[in-house]
Amino acid sequence: QVQLVESGGGLVQAGGSLRLSCAASGTIFSINYMGWYRQAPGKQRELVAAITFGGSTNYADSVKGRFTISRGNAMNTGYLQMNSLKPEDTAVYYCNVQVMTKNYWGQGTQVTVSS
């Protein structure tokens, strides 16, 4: 019922910046929550940043001060601004949203940070 598409990933040098986007479409009445997760090879998928309908945000300790999560109207578009990127940020980044009581995931976008 809900489809998510991430974009904005790519290759960047350490210290650089990228802005990821998440576009939601389909049967959407209200998005209660939107989060960005990432997964590197051999590692567990981890929460990077999240934002609620009310605008409250939460960040992983590893990205605090460097990443900023934001949303558009009705939370059907989300963003992750990533600054001061480090090689350890290299991963596939996934958008996750909660619509009513269900969770939906995007296909992911690759972020590669070279040193």
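All values derive from a computational prediction rather than experimental measurement.
Atom CH2 of residue Trp36 and atom OH of residue Tyr59 lie 12.5 Å apart, to the nearest 0.5 angstrom. To the nearest 0.5 Å, atom CD1 of residue Ile51 and atom OG of residue Ser56 are 8.0 Å apart.
The shortest non-hydrogen separation linking Leu20 to Gly9 is CD2-N, 3.6 Å. When every heavy atom of Glu6 is checked against every heavy atom of Cys95, the shortest pair comes out as OE2-N, 2.7 Å. Considering every non-hydrogen atom in both Val113 and Lys86, the closest pair reads CB-O, 3.3 Å. Residues Tyr94 and Gly106 approach most closely at CD2-O, 3.6 Å, considering heavy atoms. Across all non-hydrogen atoms, the minimal contact from Ala14 to Pro87 is CB-CD, 4.2 Å. Residues Gly8 and Leu18 come closest through the heavy atom pair O-CD2, 3.8 Å.
A salt bridge links Lys64 with Asp61: the closest approach of a Lys/Arg side-chain nitrogen to an acidic carboxylate oxygen falls below 4.0 angstrom.
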Practice task
Please report the C-alpha distance between Gln1 and Tyr104 in whole Å, then the side-chain angles of each, then the deciding distance to 0.1 Å, and finally whether the side chain to side chain contact (heavy atoms under 4.5 Å, CB included) criterion is met.
Solution key: CA-CA 9 Å; Gln1 293 184 5; Tyr104 299 89; 4.1 Å; yes
Handout entry: Stepwise ring pair (Phe, Tyr, Trp, His ring centres under 6.0 Å) check, Tyr37 with Trp105
Key = CA-CA 10 Å; Tyr37 291 72; Trp105 292 89; 4.9 Å; yes
Problem - Stepwise side chain to side chain contact (heavy atoms under 4.5 Å, CB included) test for Phe67 and Leu80 - result: CA-CA 7 Å; Phe67 291 11; Leu80 184 68; 4.2 Å; yes
Practice task
Walk me through it: do Gln110 and Thr90 pass the test side chain to side chain contact (heavy atoms under 4.5 Å, CB included)?
Solution key: CA-CA 8 Å; Gln110 177 71 49; Thr90 296; 4.1 Å; yes
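With Arg38 as the partner, the side-chain contact (heavy atoms from CB on, under 4.5 Å) test is satisfied by one option alone out of Asp89, Leu47, Val111, Thr109: Asp89.
Both Ile69 and Tyr93 are part of a single hydrophobic cluster, where members link through side-chain heavy atoms under 4.5 Å apart.
Between Met34 and Cys22 there is a side-chain heavy-atom pair separated by less than 4.5 Å. Annotation: side chain of Arg19 is in contact with side chain of Tyr79 (closest heavy-atom distance under 4.5 Å).
Between the side chain of Asn32 and the main chain of Met100, a donor-acceptor pair closer than 3.5 Å is present.
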